[in-house]
Amino acid sequence: MEAADALVLKLEGFEGPLDLLLDLARAQKVDLARISILQLVEQFLGVIEGARRVRLELAADWLVMAAWLTWLKSRLLVPQLGPVEEAEAAADILQARLLDLQALRQAAAWLGARPQLGQEVFARGQPEEMTETDRSRLKLDLPGLLAAYLAARRRAGARQRYRPRPMMLFTVQTALERLGMLLGSLPDWASLEQFLPGGLEDGLPRRAAISATLLAGLEMARDGRLDLRQDDKFGPILMRKREAGLNE
Amino acid sequence: MSEDFTPAMRLAEAVVFAAAQPVTARMLANLLPEDAEAEAVMAALARAYAGRGVNLVQAGGGWQFRTAPDLAPSLRKVVELPRRLPRAALEGLAIIAYHQPVTRAEIEEIRGAALAQTTLDLLLENGLITPQGRKETPGRPTLWGTTPAFLAHFGLNHLKELPRREDLLLDPAGPGAGEGGAP
Amino acid sequence: MSEDFTPAMRLAEAVVFAAAQPVTARMLANLLPEDAEAEAVMAALARAYAGRGVNLVQAGGGWQFRTAPDLAPSLRKVVELPRRLPRAALEGLAIIAYHQPVTRAEIEEIRGAALAQTTLDLLLENGLITPQGRKETPGRPTLWGTTPAFLAHFGLNHLKELPRREDLLLDPAGPGAGEGGAP
């Protein structure tokens with residue numbers, strides 16, 4: 001049990017399956033180029049198996065590598081299962097990758113062993129800034145000035161946009177108010193024109209006032225507040241206040 | 001040359017060189033071997049650097065290396081980084097250039113936007129505009145115009161060398177030209 | 001001691017001393033009097049500083065003064081240290097240095113392990129690596145390469161000064177192998 005624990009702990013120290021493989025290969029203490037891939041694969045699978053007994057959840061890439069190595073092992077052990085060249089090529093690829101990783105390790109170690117700036121050697125702590133920045137001058141050019149002038153004039157121009165004078169037409173709302181106010185003051189049937197406001201210009205303003213008053217009258221008739229009557233086609237429209245309690 | 005350098009001097013030299021702050025006598029005393037007298041070490045180091053391109057000086061409460069003062073002119077590099085005028089200032093300047101003499105209220109009307117006092121100050125500080133009397137209207141507002149420095153900045157000999165307004169604006173009507181300038 | 005120092009040496013000394021970054025040959029050539037040969041001047045200066053607490057070295061594409069490596073233990077007490085690069089960062093850096101320009105996926109492929117974002121961030125923060133365009137493959141992944149600061153950090157003057165892969169593999173059990181790089 002102790003051995004298995006140690007194995008798991010060690011596994012966590014590796015950055016990946018390739019990492020572990022390289023470590024196992026190194027443990028064989030022979031040149032990586034002459035290492036026995038079969039032996040290496042068996043060791044790796046042994047470690048993974050041991051680790052899985054204690055930790056069921058093993059990172060996916062470890063298991064992917066384990067599956068691939070299991071395949072490789074079967075091909076190397078029992079060549080008649082498939083073309084042996086395929087297995088040998090796979091073994092070569094694995095070996096090449098281990099060599100790459102080995103070279104990388106050496107390179108990283110070489111870098112790490114060098115005196116590093118800020119660790120073993122130090123540059124001057126107080127560098128002297130000899131560069132002076134002269135910001136006293138203005139950056140001005142004629143195109144910029146002209147562009148600014150045009151921009152200002154355009155902005156001012158855009159503000160004075162043409163707006164048509166709004167037409168003050170007699171609205172239905174105003175007609176409603178006016179009708180309500182005037183209705184009681186007229187004794188009997190009165191024509192619609194009598195309810196129009198004074199001083200109306202002919203044309204659109206007058207026609208708008210007539211239709212607004214008619215609409216207002218229709219609305220009030222619907223509410224039961226007045227009666228509407230037209231005796232002839234195109235004849236005058238007559239209105240009167242509905243008497244309280246009187247039904248149609 | 002290194003023969004003259006004791007281990008204590010080497011260490012002191014490296015410490016003063018690498019430190020981000022002037023190195024105090026107390027720091028040196030802590031660092032140097034006990035038998036080395038900090039003062040004597042620093043004196044020897046200062047002598048070694050005398051007359052060189054870099055000197056050991058006492059400043060800012062401690063020891064530090066400084067480049068020799070006589071070399072400063074050769075070392076100094078001046079980088080010109082001219083500022084740009086903010087947009088509002090450039091617009092104000094352009095309006096003054098074309099409409100001078102002009103009051104602030106008139107500038108604002110032409111711009112269709114307010115002209116901040118700071119903007120006017122900026123133009124004044126840079127010597128681009130100058131007061132040119134007062135307008136004889138209620139309140140007697142100041143009239144503004146451009147300076148010779150303005151011309152020099154833009155490489156002009158005379159205000160007449162500015163492109164004519166008519167050439168710039170499609171609609172040559174005056175302020176409030178309405179649709180003329182609108183996009 | 002200052003008798004041996006020519007004016008050109010003084011000036012070069014001051015320039016390299018003052019600068020925060022390695023001073024390139026081009027910068028020196030601009031500064032030194034025309035008749036002074038920059039190379040000879042720098043060689044003489046490097047000799048003058050040999051064996052001292054501060055040395056003149058060529059790194060990161062230029063000249064820089066640095067403290068002598070043997071003084072590191074004493075200096076660490078005084079100078080504030082940034083974090084040492086962890087193993088994963090050194091490995092990532094080594095791959096980038098040897099295979100640049102290289103994508104993150106390629107780095108991970110070579111390491112046989114994921115390259116953590118924190119590792120990439122650490123290398124970037126220290127200015128050791130920089131993006132070098134994108135690879136014209138699906139997804140257009142960023143290509144990474146090392147910076148001049150990388151060279152300066154490791155006291156290299158050129159990428160060619162990195163050991164060759166063959167030399168690295170020659171002696172797998174040599175110094176730095178095995179436990180040297182292990183956590």
- Can you say whether Leu145(A) sits under 4.5 Å from chain B via the side chain, the backbone, both, or neither, judging by heavy atoms? both
- Query: Can you check whether Leu162(B) reaches Tyr149(A) side chain to side chain, under 4.5 Å on heavy atoms?
  - Reply: no
- Look at atom CD of Gln230(A) and say whether more than 12 heavy atoms of other residues, nucleotides or ligands are closer to it than 6.0 Å. yes
- Task: Specify which of Leu128(B), Asn126(B), Val16(B), Thr67(B) makes the most heavy-atom pairs with chain A at under 4.5 Å.
- Result: Thr67(B)
- Message: I need the Ile95(B) CD1 to Arg153(A) CZ distance, nearest 0.5 Å.
- Response: 7.5 Å
- Message: Are there over 12 heavy-atom neighbours, none belonging to Gln58(B), within less than 6.0 Å of that residue's CD?
- Response: yes
- Task: Could you go through the side chain to side chain contact (heavy atoms under 4.5 Å, CB included) check for Tyr98(B) and Leu146(A) one step at a time?
- Result: CA-CA 10 Å; Tyr98(B) 273 103; Leu146(A) 301 179; 3.3 Å; yes
- Leading residue by heavy atom contact count with chain A [cutoff under 4.5 Å; candidates Arg83(B), Arg66(B), Gln64(B)]: Arg83(B)
- Message: Checking Phe65(B) now: which residues fulfil ring pair (Phe, Tyr, Trp, His ring centres under 6.0 Å) with it, not counting sequence neighbours?
- Response: Tyr49(B), Phe17(C)
- Task: Report the distance from atom CG of Asp141(A) to atom NE2 of His153(B), rounding to the nearest 0.5 Å.
- Result: 12.0 Å
- Message: Between Pro22(B) and chain A, with a heavy-atom cut-off of 4.5 Å, which part of the residue counts as in contact: side chain, backbone, both or neither?
- Response: both
- What are the two closest non-hydrogen atoms of Glu91(B) and Ala152(A), and how far apart are they? OE1-CB, 3.5 Å
- Query: Is the number of heavy atoms from other residues, nucleotides or ligands under 6.0 Å of Glu37(B) CD greater than 12?
  - Reply: no
